[in-house]
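Since the structure comes first, as structure tokens, the remarks are kept for the end.
Note that the coordinates shown come from a computational prediction; the quantities given were computed from them, not determined experimentally. Labels below follow one simple rule: chain letters A, B, ... track the order of the sequence lines, proteins then strands, and each chain is numbered from 1.
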Protein chains: 2
Amino acid sequence: MKRKPAKEYTTEQQLPRLGTSPYLKLMERTASSDTNLNSAHLGLIMLWLGDNILDMVDIDLAAFDITESKLDLLLLLSLHADQELVTPSSIADRLGIRRSSVTSLLIWLEKRNLIVREPYAKDGRMTHVRISAEGSTLVNQILPTFWSTCASLVDELDKEEQAVFQKVLVKLNASLEKRLGSGR
Amino acid sequence: MKRKPAKEYTTEQQLPRLGTSPYLKLMERTASSDTNLNSAHLGLIMLWLGDNILDMVDIDLAAFDITESKLDLLLLLSLHADQELVTPSSIADRLGIRRSSVTSLLIWLEKRNLIVREPYAKDGRMTHVRISAEGSTLVNQILPTFWSTCASLVDELDKEEQAVFQKVLVKLNASLEKRLGSGR
DNA sequence: TCCTATAGTTAGATTATCTAATTACATTGA
DNA sequence: TCAATGTAATTAGATAATCTAACTATAGGA
């Protein structure tokens, strides 16, 4: 009997792929009567899709040794490069995270010379944060791939589908940002 | 002068909201020439939307002291409750994570009696994992809220928009699952 | 000048991952 | 039959992204 090729990752036996339908059956059984099942189904797929998109982007960015949160912050700094004052606090506010979390990100980025922290003369408690030349260079290296990954997500939609889709997405995203109080 | 109400969270000064357009301008400047800008725009909004949806669901589940990953695993176990053998390896395979990561999740869930690990008689190396009665109860408590949150994500779309949207989402999700080699 | 608010950081925790090493059991083949 | 190899699960130890609470330094009002 021939030797099976060494399994590098996981086991032989697998769980069968169930697909979407058992989730829908479960939903029918367990949803409250005032929940619209079609909407819930749609929302569930969006949630799954969101997960998968995140994964795709993560994989892509891994090649540049950076994560989405960090790129996000670098982009934020890029787009506010003309501002006189960009503080950890205002970044935290915009990103919807705590100041201490921002500190952690900044430490990481500063260690790699991607950002610069400068004391703010007009108020000794504050620090101005800006993207460095190196940071800008890195962003410019990443972005072409990043945009192309974004585009690839919806490649297979035709023009018409894209048009409708876009309208819907913008609407949904706006309402979610409002509900969450976040947003760019 | 009247005292300002204590700021509980962050600072006074804020970064202006830039909206989408500076991102699009940046995209025009930095995208490779063979990237379709409309598609990239669409993909970018999907990425943002995905983030926001994740956040919504997380907030919702926090009330039950559980995270999406763990609910995911409990649902997986629920839907495979009839299977003779569900191992950490097969779970890892299905969730697309390492076995050791599954072990961590299982330890957490077992500590709270939400799952049970049983030695598998036919092969002493394996362990059968199943959801416990308590686990099922918890899932049944969570799901009504969960479905209603899912539904609320797309509430404001009208019937027609939902129909088109659904078609597109299913298509996109299928193709992403294929590209990632994941899927339910 | 003293009190209190604010900005930033540090300390210490949790969650979700990972890789590498370890333990125990199973299988194969000389 | 038993030694070598493979597989399943866990453990050990790391990293990333977040949190809360405590701390330091500065600012500014009464």
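Atoms CZ (A:Arg125) and P (C:dA5) sit 12 Å apart, rounded to a whole Å. Taking atom CG of B:Asp58 as the reference point, atom P of D:dT18 lies 11 Å away to the nearest angstrom. We find that CG of B:Leu54 is positioned 14 Å from C1' of C:dT15, with the value rounded to whole Å. Protein atom CG of B:Asp65 is 13 Å distant from nucleotide atom P of C:dT14, rounded to whole Å. The CG-C1' distance, from B:Asp72 to C:dT15, rounds to 15 Å in whole Å. One interatomic measurement links the two molecules: CD1 of B:Ile97 to P of D:dA9, which rounds to 13 Å at whole-angstrom precision. Regarding B:Leu73, its CG atom lies at a distance of 14 Å from the C1' atom of C:dT17, rounded to whole Å. Following rounding to the nearest Å, A:Leu71 (CG) and D:dA17 (C1') show an atom-to-atom distance of 16 Å.
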For nucleotides 22-24 of chain D, list the nitrogen or oxygen atoms of the protein found under 3.5 Å from its nitrogen or oxygen atoms, one pair per line.
none

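For B:Glu161, the side chain to side chain contact (heavy atoms under 4.5 Å, CB included) partners two or more places apart in sequence, or in a different chain, are A:Lys167, A:Val168, A:Lys171, B:Leu157, B:Asp158. In terms of the side chain to side chain contact (heavy atoms under 4.5 Å, CB included) criterion, residue partners of B:Ser132 (sequence neighbours excluded) are, by chain and number, B:Val116, B:Glu134. Legend: residues meeting salt bridge (charged side-chain N to carboxylate O under 4.0 Å, His left out) with B:Asp123, ordered by chain and number and at least two apart, are B:Arg125. Every side chain to side chain contact (heavy atoms under 4.5 Å, CB included) that A:Ser100 has, sequence neighbours left out, goes to A:Arg98. The side chain to side chain contact (heavy atoms under 4.5 Å, CB included) check on B:Asn140 picks up A:Thr30, with sequence neighbours excluded. B:Trp108 is linked by a ring pair (Phe, Tyr, Trp, His ring centres under 6.0 Å) to nothing, counting only residues two or more places apart in sequence or in another chain.
The salt bridge (charged side-chain N to carboxylate O under 4.0 Å, His left out) contacts involving residues 104-116 of chain A comprise A:Glu110-A:Arg117, where partners must be two or more places apart or lie in separate chains. Pairs engaging residues 27-46 of chain B under the salt bridge (charged side-chain N to carboxylate O under 4.0 Å, His left out) rule: none recorded [sequence neighbours left out]. Listed by first and then second residue, the salt bridge (charged side-chain N to carboxylate O under 4.0 Å, His left out) pairs that reach into residues 64-77 of chain B are B:Asp72-B:Arg184, sequence neighbours excluded.
The residue A:Ser69 sits close only to the backbone: its heavy atoms come under 4.0 Å of sugar-phosphate atoms, none of a base. B:Thr127 comes within 4.0 angstrom of sugar-phosphate atoms only, judged by non-hydrogen atoms across all strands, and of no base. Among the heavy atoms of the strands lying under 4.0 Å from A:Thr67 are primed sugar atoms or P, OP1, OP2 only; no base atom is included.
Residue A:Ser89 places at least one side-chain N or O closer than 4.0 Å to OP1 or OP2 of C:dG8. In terms of phosphate contacts, A:Ser101 brings no side-chain nitrogen or oxygen within less than 4.0 Å of OP1 or OP2 of D:dA17.
A:Trp147 and B:Leu37 fall within a single hydrophobic cluster, where Ile, Leu, Val, Met, Phe, Trp and Tyr are joined by side-chain heavy atoms under 4.5 Å apart, directly or via other members. Tracing side-chain contacts under 4.5 Å through hydrophobic residues (I, L, V, M, F, W, Y), one never reaches B:Ile91 starting from B:Ile107; they form parts of separate clusters.
Between A:Trp48 and A:Tyr23, the ring center distance clears the sub-6.0 Å criterion.
Within residues 102-110 of chain B, the residues having any heavy atom closer than 4.0 Å to DNA chain D are, in order of number, B:Thr103, B:Ile107. Shown for residues 112-122 of chain B: no residue has heavy atoms falling under 4.0 angstrom of DNA chain C.
Sequence order on DNA chain D of the closest nucleotides to A:Asp123 and A:Glu68 puts A:Glu68 first from the 5' end.
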